[in-house]
Number of protein chains: 2
Amino acid sequence: MGETTEPRTIQAVGITLEIIDYLHETDGARVTEIAEGIGRSKGTVHCHLATLLDYEHVIKSGERYTLGLRYLELGEGVKQHLGIYDVVADELDDLAGECEELVQFATEEHGRAVYLYKKGGERAVQTASTVGKREHLHCISLGKAMLAHYPRERVEEIIDRHGLPAYTEETITSRDELFSTLDTIRERGYAFDDEEKIDGLRCVAAPVNGANDEVIGAVSISGPSSRMTGDRYYEELPNKVIRSANVIEINAKFS
Amino acid sequence: MGETTEPRTIQAVGITLEIIDYLHETDGARVTEIAEGIGRSKGTVHCHLATLLDYEHVIKSGERYTLGLRYLELGEGVKQHLGIYDVVADELDDLAGECEELVQFATEEHGRAVYLYKKGGERAVQTASTVGKREHLHCISLGKAMLAHYPRERVEEIIDRHGLPAYTEETITSRDELFSTLDTIRERGYAFDDEEKIDGLRCVAAPVNGANDEVIGAVSISGPSSRMTGDRYYEELPNKVIRSANVIEINAKFS
DNA sequence: GAGAACTGTTCGTAACACACAAACAGTTTA
DNA sequence: TAAACTGTTTGTGTGTTACGAACAGTTCTC
């Protein structure tokens, strides 16, 4: 059942996009597997793949279909279009070297956080996040840092759409609690994540403003709770993310 | 006229892919502009964009539609799926520092070269090539280095499909000349590009073999003809690209 | 400030494209 | 050797889709 929320949406296009997503998730697949995966007939999937092949969006090695390098080109285009990618990369490389923890930059799209860049210091934790990965906003420091500067109705819309699912015991799951936390974050200027998404992981994040004082993303530092304590967690690292956020803001304005 | 070369291809999908390509080329556009650009009615384009929006493949800021960050995720997936990206990046960074010229890595897909990575040394030339960019194979050193190790019928197919268009006075435009050049390259082990694509630009490239001795890509060094002369052009740099190609081959086998 | 020339969106319709199911040709398994 | 898989092809009817025109807003222009 290809659920079409919007009116006047095109079924055939939806099927193709589902195939593309499926190929992405599985790193390539065969016709029957895709057909079962998206719940369509083999014949249908075959026609869609023939079209994608014709437009060189997929490649076919033997019987396996894989996403083509055109998506590398499209991804590169999106990256460059953002305009801040290079600035972010430079600054985060510095920050990672300085604090020797995992540092990340994310922006918001369609109500979720999207990681744009990550850099692990020497002893940094390894998380499942990768560039392009999407995540709920309410349970991570990056997300809360951005939400804190959104108008309330915008936050309400996002909650309506994506909910407030719990990941750990500490995840914020009520609207009231989220809004009061966001108030604190707005006043303080930075956000914490105290094991709200992953047990044993603490993070700090600060928002990055664009030209019109709109939030365009956020910088975070993540580490194991054992290392994220005392002054380091509550003062030193917050100061570092704020400083990095400022560096990105300034450099973004001159590029 | 949405020309459909393959039989049983889906028109609606073709239109959407053309819209995606158009949005990529223009860094975002409005409905009317897209409609004119791809030769379809406004209503049609509107429905396709509504679908792409529904699946979060594009974003809408005001009246402008732009490719979404999902393409960053898809591009990253393709990159990781290749398996050699990180190895290539490390080695090319070294090579660029060593020779202080533009170094590049490309692979072949659908009969054309696709750039995967580039790194400019200090005084390196700036070319229009970017990651994901596609180029004809016959007129660049990277392309010839790969073609030299393809079976003849495969090369014929590629020529049939893409032709041998001339870019400069030096571009190879006849099949016979190309095949005899490829013979030389195969024996010698590396390929030159003596202003065959861009006036004033000389390059050297060596092929990179994968697990089954199949060519999986090539490494090149490019520079202004004024600096690419004598022993440096004919011995020193060829040795460097061959060495880098070997390093990539070895590291690729252990990852 | 009125109208013209733009937008993007919605809607009805008729042509036709598409998704299905079933048949087909190869391969691998049992 | 047959059975159980592949991927591909084909015919067919229904429902989709692309179009064009009408609609509602904006932004010009004079």
Side-chain angles (χ1 to χ4, degrees), chain A residues 1-23 25-68 110 157 212, chain B residues 1-68 110 157:
Chain A
M1 237 140 300
E3 52 267 68
T4 53
T5 61
E6 291 289 321
R8 286 285 187 162
T9 192
I10 296 168
Q11 189 191 15
V13 174
I15 293 173
T16 276
L17 297 180
E18 281 172 26
I19 290 175
I20 290 170
D21 282 0
Y22 190 83
L23 289 176
E25 284 162 19
T26 57
D27 268 342
R30 311 180 62 168
V31 174
T32 314
E33 185 189 342
I34 300 169
E36 286 171 4
I38 67 168
R40 294 282 167 179
S41 75
K42 279 194 299 178
T44 300
V45 171
H46 180 75
C47 288
H48 281 265
L49 287 170
T51 311
L52 285 166
L53 204 53
D54 193 36
Y55 280 84
E56 302 188 354
H57 276 240
V58 303
I59 54 177
K60 183 182 179 181
S61 332
E63 311 290 2
R64 278 186 83 75
Y65 291 87
T66 320
L67 291 184
H110 289 295
E157 276 174 28
N212 317 343
Chain B
M1 241 148 289
E3 50 267 69
T4 53
T5 62
E6 290 290 321
R8 285 286 188 163
T9 194
I10 296 168
Q11 188 191 17
V13 174
I15 293 173
T16 277
L17 296 180
E18 282 173 25
I19 291 174
I20 290 170
D21 282 0
Y22 189 84
L23 288 176
H24 168 63
E25 285 162 18
T26 57
D27 267 342
R30 313 179 59 168
V31 174
T32 315
E33 184 189 343
I34 300 169
E36 287 172 2
I38 67 169
R40 295 282 168 179
S41 74
K42 278 194 299 176
T44 300
V45 171
H46 180 75
C47 288
H48 281 264
L49 287 170
T51 310
L52 286 166
L53 204 54
D54 193 35
Y55 280 84
E56 302 188 352
H57 276 240
V58 303
I59 53 177
K60 184 182 179 181
S61 333
E63 311 290 2
R64 280 186 80 75
Y65 290 88
T66 320
L67 291 184
H110 290 294
E157 276 175 28

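To find a chain, count down the sequence lines: A is the first, B the second, and so on, and within it residues start at 1.
In this structure, of D:dC19, D:dT8, C:dT9, it is D:dT8 that holds the atom nearest to the side chain of A:Lys42. In this structure, the nucleotide among D:dC19, D:dT8, C:dT7 sitting nearest to the side chain of B:Ser41 is D:dC19. Considering only side-chain atoms of B:Thr44, the nucleotide from C:dT10, C:dC20, D:dA18 that sits closest is D:dA18. Distances from the side chain of B:Ala12 to the nucleotides C:dT9, C:dC18, C:dT7 place C:dC18 closest. Nearest nucleotide to the B:Glu63 side chain, out of C:dC18, C:dG8, D:dT9: C:dG8.
Whole-Å rounding puts the A:Glu33 CD to D:dT8 P distance at 14 Å. Note: CD (B:Glu36) to C1' (C:dT7) measures 12 Å, nearest angstrom. Atom CD1 in B:Ile38 sits about 13 Å away from atom C1' in D:dC19, given to the nearest Å. In this structure, B:Tyr65 atom OH and C:dT7 atom P are separated by 14 Å, rounded to whole Å. Straight-line distance from the CD atom of A:Glu18 to the C1' atom of C:dC18: 16 Å, rounded to whole Å. Taking atom CD1 of residue A:Ile10 and atom P of nucleotide C:dT10, one finds them 14 Å apart after rounding to whole Å. As rounded to whole Å, 7 Å separates atom C1' of C:dT10 from atom NE2 of B:His46. Here D:dT6 presents its C1' atom at 15 Å from CG of A:Leu49, a figure rounded to the nearest Å.
Comparing B:Thr32 and B:Cys47 against DNA chain C, the residue whose closest nucleotide sits nearer the 5' end is B:Thr32. Taking for each of A:Val31 and B:Ile15 the nucleotide of DNA chain D with the nearest heavy atom, the 5'-most of the two is the partner of A:Val31.
Residues A:Arg8 and B:Ala50 come closest through the heavy atom pair O-CB, 4.3 Å. The heavy-atom pair separating A:Leu49 from A:Val58 by the smallest distance is O-CG2, 4.2 Å.
Under the 3.5 Å distance criterion, the side-chain polar atoms of A:His110 are left unmatched by any main-chain donor or acceptor of B:Asp54.
Side-chain atoms of A:Arg8 stay outside donor-acceptor range of the base of C:dG8, with no qualifying N/O pair under 3.5 Å.
Exactly one of A:Ile20, A:Asp21, A:Ile19 qualifies for a side chain to side chain contact (heavy atoms under 4.5 Å, CB included) with A:Leu67. That residue is A:Ile20.
Side-chain N/O atoms of B:Arg30 include one lying less than 4.0 angstrom from OP1 or OP2 on C:dG8.
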Distance-only donor-acceptor hits, side chain of residues 23-30 of chain B, under 3.5 Å, sequence neighbours excluded:
unit_1, atom_1, unit_2, atom_2, d
B:His24, NE2, A:Glu73, OE2, 3.4
B:Thr26, OG1, B:Tyr22, O, 2.8
B:Thr26, OG1, B:Gly28, O, 3.4

